[in-house]
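This is a predicted model, so every value here is computed, not measured.
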Amino acid sequence: MNNFDALIIDDESLARFTLKNKLADFPQINILGSAGSVQEGITKIKELNPSLLFLDIQLGDGTGFDLLQKIDYEGKIIFVTAYDEYAIRAFDVNALDYIMKPVSDRRLKSAIEKLQQNDVVNGVEIPLKLNYNDRILVTLKKSLHFIKLDTIVSICASREYTYIYTFDGSEYLTSNSISEWENRLPDQHFCRIHRSTIINFDFIKKITPNIAGTADIAMQGIDTVYPISRNYYKQIKHKYKL
C-alpha cells in the first residue's frame, strides 16, 4: 500500500476540519496541513511539497483551477466541490476524482481506493477510463476550459501534442499523446482510425471508399476529411458495420 502526503485546500474551516477527521480512518493518507485560499494554498504547496491535494474548486479568492495555473504541481488531485457542474475527471491537471459536498464516507473511500489503484501496479501505471458524460479540463491560450467528452468530434496528433476538435468548431491544444487518449477514451464511442487520428463515431457524417482500398471519413462540425489507414480499416469495418 502506497502512502500519500496530503494537503487540504478549502475556504471553509468546518469543511477542512471535517475532511481531516474523515481521513484519519485512512492510514495511507498523511495530512501535512491545510489552506483556506488560493494564495495560502500556493505557499503551502511550495513549503510542504504534498503528493496529494484535496482541492476545493470554489475558493474565496479564486478557484482551484486558478491555483493550478499559478504553480507547477505534479502530484495527484482529488477535487472536492459543492457544484455538480464541475463533476469532472480533469485530464490535463492530473485529477484523479471529484467528491461532492457534503463528503460521504462511501465516496471518500471510493476516491482513496481509486488513488491506490491508479498508482503503480507491478511497475505499470494503470490509466483510468473516462466516461462519455465526463467533463475534462484542457488549456486554451493559457486558460483552463471545461469540455464535455460527448462534444469531441476528433483528436489529432501534432508531434508530441494533440489537438481536440469539438462540434461547436473549437480547437484545443493538449500535451497528452494520441496513445494516452486512446487508452482513456471510452472505446464504444471513440476509435483510432490512423496513427495520428481518433474520431467519435457519433459525429460521422459520411464514409467514402477511396482508391487506396480503404475509406475517407467526413465528420459533422468540422471541414476536415480523415483517411482511414489500412492498419485500422478492418477494425473500423467491424465496428461500424461497413
Side-chain angles (χ1 to χ4, degrees), residues 1-42 44-45 48-71 73-121 125-138 144-150 184 186:
M1 180 181 293
N2 295 295
N3 295 324
F4 297 87
D5 292 326
L7 179 68
I8 298 171
I9 304 176
D10 195 305
D11 62 345
E12 299 177 4
S13 58
L14 179 58
R16 296 194 300 270
F17 176 80
T18 301
L19 182 56
K20 182 178 180 180
N21 281 349
K22 287 181 178 291
L23 288 169
D25 293 333
F26 299 92
Q28 66 270 45
I29 307 298
N30 173 39
I31 304 298
L32 299 177
S34 62
S37 66
V38 170
Q39 193 53 53
E40 186 182 9
I42 291 171
K44 289 287 183 70
I45 290 170
L48 300 173
N49 192 29
S51 57
L52 171 65
L53 298 181
F54 289 92
L55 180 60
D56 191 7
I57 290 181
Q58 292 291 355
L59 299 166
D61 57 344
T63 69
F65 305 123
D66 294 331
L67 181 151
L68 295 171
Q69 283 186 292
K70 295 176 180 178
I71 192 169
Y73 177 72
E74 297 181 354
K76 303 293 186 183
I77 302 164
I78 296 176
F79 284 119
V80 183
T81 177
Y83 300 89
D84 60 4
E85 66 266 30
Y86 293 114
I88 59 168
R89 290 183 218 178
F91 196 80
D92 268 1
V93 296
N94 203 25
L96 179 75
D97 203 353
Y98 69 92
I99 303 174
M100 294 294 297
K101 292 181 178 180
V103 176
S104 72
D105 294 337
R106 180 188 62 81
R107 277 296 290 123
L108 183 60
K109 182 175 184 290
S110 173
I112 300 301
E113 288 175 350
K114 191 178 293 185
L115 178 67
Q116 295 290 154
Q117 293 166 3
N118 188 241
D119 205 35
V120 175
V121 179
E125 186 173 348
I126 306 299
L128 288 174
K129 276 285 187 182
L130 294 161
N131 294 323
Y132 199 48
N133 60 352
D134 278 341
R135 295 173 185 266
I136 57 173
L137 197 65
V138 295
L144 295 169
H145 293 258
F146 289 103
I147 60 173
K148 296 179 67 177
L149 214 64
D150 61 11
R184 293 199 60 187

Response to the item:
The reported gap from CE in M100 to OG1 in T81 (rounded to nearest 0.5 angstrom) is 5.5 Å
Worksheet item: Is the closest side-chain heavy-atom distance between I42 and L67 below 4.5 Å?
Response: yes
Discussion item. Could you check whether any side-chain heavy atom of I99 comes within less than 4.5 Å of a side-chain heavy atom of L108, counting everything from C-beta outward?
Written reply: yes
Fill in: Passing candidate, side-chain contact (heavy atoms from CB on, under 4.5 Å) with L55, options V80, L7, L68, T63
L68
Practice prompt. Using side-chain contact (heavy atoms from CB on, under 4.5 Å) as the criterion, list what pairs up with D61, not counting sequence neighbours.
Written response: S37, V38, Q39, L59
Worksheet item: Is it true that D10 and K101 make a salt bridge, defined as a side-chain N closer than 4.0 Å to a carboxylate O?
Response: yes
Worksheet entry | Residue pairs, two or more places apart or on separate chains, that pass salt bridge (charged side-chain N to carboxylate O under 4.0 Å, His left out) and touch residues 102-112 | K22-D105, D97-R107, K109-E113
Discussion item. Taking the ring centre of each residue, are F26 and F4 less than 6.0 Å apart?
Written reply: no
Practice prompt. Could you list the residues that satisfy side chain to side chain donor-acceptor pair (under 3.5 Å) with N30, not counting sequence neighbours?
Written response: D5
Fill in: Min side-chain heavy-atom separation L149-N131 under 4.5 Å
no
Response to the item:
K148 meets the side-chain contact (heavy atoms from CB on, under 4.5 Å) criterion, sequence neighbours left out, with R135, D150, T151
Discussion item. Holding to side-chain contact (heavy atoms from CB on, under 4.5 Å), I want the full list of residues that pass it with F17, two or more places apart in sequence or in another chain.
Written reply: N21
Worksheet entry | Partner residues of A6 under the side-chain contact (heavy atoms from CB on, under 4.5 Å) criterion, sequence neighbours left out | I29, I31, L52, F54
Worksheet, complete the sentence: In terms of heavy-atom contacts, S34 and K44 come closest through O-NZ, 2.7 Å
Item to complete: Side-chain contact test, heavy atoms from C-beta onward, threshold under 4.5 Å: evaluate it for I8 versus L23 and give yes or no.
Response: yes
Practice prompt. Would you name the heavy atoms of A111 and I78 that are closest together and state the gap between them?
Written response: CB-CD1, 4.0 Å
